[in-house]
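Not measured: the values here are computed from a predicted model.
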Amino acid sequence: HSLLPALSFADALNGWAVGHGGTPSQTQDGGETWSLQATLEDQPVILSVWFENPQHGIVVGAYGYASETRNGGQSWQRLTLSEDNDYHLNQIFPGTDGMLFIAAESGGAYRSKDSGSTWESLDTGASGSLWTGTSLRDGHVLMAGMSGRVLVSNDMGERWQKLDCGTNEAITAVIQLDDARVAMVGNGGLVAVTDNTLSTCVSEIREDRQNLTA
């Protein structure tokens, strides 16, 4: 058995779970049953997965690993994000109009404008690792990670601004709520919530102080 930190569903039936050991698992019946697919070359530690449709998907992981499938995971081809990249790629997530983003170690971030065919590095101005991110319905892009760092871009990653949530705990997951607020969780029982315009952010610590991962 291996740790499975991420999964992605292309539709209501077709989904993939990924993790340590580099062997994706696939379901074609909405999660009722799962089957192992072929192990990826070098058995990488996969940290995140995104599928655009039942055929096209990308996985990213430790030490700059990125790979793409165009046949539903039957075979994979390595992707090069940059010439000198060996940072952990922590999460891949979609933007608008075919854009993709990757939150990475040591403040690194990457963007693709063509659904993953080509990539470019982004200057976030951060040094600590970015563990998670999401695209908001109004077009903003948000990334978060170590030391309570929250970065927001209103121009698809060209420039980033810091959002202070009043915490130094690492943020591990973020999601936009139905009312446009953004909720975040993290280490030490952290729960943080913004307002619906991203102008304020308030955090609290759960009494049990349990690390929260999603």
Count the heavy atoms belonging to other residues, nucleotides or ligands that lie under 6.0 Å from [atom1] of [X], then report whether that count exceeds 12.
X    : atom1 : result
R78  : CZ    : yes
E120 : CD    : yes
I175 : CD1   : no
D97  : CG    : no

Just list the side-chain donor-acceptor pairs under 3.5 Å for residues 43-52, sequence neighbours left out, or say none.
| residue | atom | partner | partner atom | Å |
| --- | --- | --- | --- | --- |
| S48 | OG | I92 | N | 3.0 |
| E52 | OE1 | H56 | ND1 | 2.6 |

Donor-acceptor contact present, side-chain S147 to main-chain R149, <3.5 Å
no
Can a donor-acceptor pair be found, under 3.5 Å and without considering hydrogens, that links the side chain of S25 to the backbone of A17?
no
Heavy-atom pair with the smallest gap, counting every atom of [X] and [Y]:
X    : Y    : answer
A38  : P24  : O-CD, 3.6 Å
A214 : A173 : CA-CB, 3.7 Å
P54  : A10  : N-CB, 3.6 Å
M156 : R111 : O-NH1, 2.6 Å
F93  : L142 : CZ-O, 4.1 Å
S67  : L40  : CB-CD2, 4.2 Å

If the condition is side chain to side chain donor-acceptor pair (under 3.5 Å), which residues does S203 pass it with, not counting sequence neighbours?
none
[Y] and [X] side chains, donor-acceptor separation under 3.5 Å:
X    : Y    : result
T213 : T172 : no
Q26  : Q37  : yes
T132 : Q91  : yes

Begin from the C-alpha positions of L190 and L212 and carry the test side chain to side chain contact (heavy atoms under 4.5 Å, CB included) through to its verdict.
CA-CA 7 Å; L190 172 68; L212 304 173; over 6 Å; no
Which pairs pass ring pair (Phe, Tyr, Trp, His ring centres under 6.0 Å) with one or both residues in residues 129-176, sequence neighbours excluded?
none
Assign the ring pair F9 / W34 to parallel, tilted or perpendicular, where the plane angle (0 to 90°) is split at 30° and 60°.
perpendicular
